[in-house]
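Hydrogens, waters and symmetry mates are skipped; everything else that's a heavy atom, side chains included, is used. Read the numbers this way: they start at 1 and go in the same order the structure lists the ligands and their atoms. As the structure is a prediction and not an experimental result, all values here were calculated from the model. Residue indices begin at 1 and follow the sequence shown.
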Amino acid sequence: MTERHSTKRKPKNAVKVGDVVIGGDSPIVVQSMTNTPTKNASATLDQVHSLHESGCQLVRVSVPDKESARSLTQIVKKAPCPIIADIHFDHELALRSIEAGAQKIRINPGNINSNIKVDKIIAALIEHGTAVRIGVNSGSLERELFKLYSANPPLALAKSAEKWTDYFTQKGVERIVVSIKSSSVPATVKANEIFSKINRVPLHLGITESGTVRSGTVFSSVGLGILLHEGIGDTIRVSLSGDPVEEVFVAKQILASLGLYDKLPRVIACPTCARCTYDVVNISKKIEHKLLKYKSNITVAVMGCQVNGPGEAKEADIGIAGGKNYVLLFKKGVVIAKIPKDTAEKTLWQEIKKIIT
Ligand code: SF4
């Protein structure tokens, strides 16, 4: 199976970030961000490895100080995927991060507060062939757009993105990705729609401060889902307050739900009811977690009972359904064995492994 992307997706420039391509004909790139102190290179590298193993293609690390910028050299050298340095306010840190070998930097030019400093960053980007993400949000908006923002926030955000894209392009930067974000889903959607109509620069999609794992998943799924369905977006990050590996999992599921990501294992589980005879919730969670690092189109069913189990989940490649004193093991809706309840999870995993390896 190959990874698919939407036929509606609008053609964009292809931007190389190390060995990963954002835009062009490439599938939508999943990225995330570490939450370890970057100055602790070994802890950060551990998290970069975990993220990469779970399917994250680009990892962003924040660079809030010189110590973090120093640590970046080691992180970039040992990372299994390209690294993006996240910079706010301080152009010196952007310059140090580019020197350290970051394959891409993310800046909000609006909060660098000086075109002379932005120009220094541009010169370094060109010299090192580093990609840049130009970030735009309400907090980094230029003064001249304040009035427009109060009347029409999405238009003001899109105008700011257009202004900075033109500025960087005219100065000779080729590898540009843009993000236009707001904590309001409708404003983010509208601003990205406006920008994508007028510009071929690839778009990074995300909802800022989207929240805890539950609310963040909902906000990101709705916001990113609308845009991706319209064919807008070339790389995504789901922002969640929690383990960043969860962000990767949710991002992959958003893409898979729209047919934009292939080879993502799927676990279907029933909601349980009074007929349930074993711990469906726990077993389905554990199996889903174990499958996280596998690239496979397998569908696994964990159903509470045999009344609706094998029948409802007949599309599943393998599944279990509760019986009175046992659990049924079934393949494509056909029961193949009765197994003791206490070995259900183990047996199911053994059967899954036979299919995915
Ligand atoms: Fe209830 Fe069985 Fe349906 Fe699960 S599969 S919700 S236990 S009837």
Problem set entry | Protein N, O or S atoms lying under 2.8 Å from atom 4 (Fe) of ligand 1, listed by chain and number | Cys270 SG
Exercise. Mind checking what makes side chain to side chain contact (heavy atoms under 4.5 Å, CB included) contact with Ser150, not counting sequence neighbours?
Worked result: none
Exercise. Taking atom types as modelled, is there a side-chain donor on His204 or Asp234 under 3.5 Å from an acceptor on the other?
Worked result: no
Exercise. Cation over ring, Lys338 on Tyr326, under 6.0 Å and within 45°?
Worked result: yes
Problem set entry | Sequence-distant partners of Asp317, side chain to side chain contact (heavy atoms under 4.5 Å, CB included), two or more places apart | Ile298, Thr299, Lys332, Ile355
Problem set entry | Distance-only donor-acceptor check, side chains Ser160 and Glu142, under 3.5 Å | yes
For this session: Could you pull out all residues at least two apart from Asp65 that satisfy salt bridge (Lys or Arg N to Asp or Glu O under 4.0 Å)?
Result: none
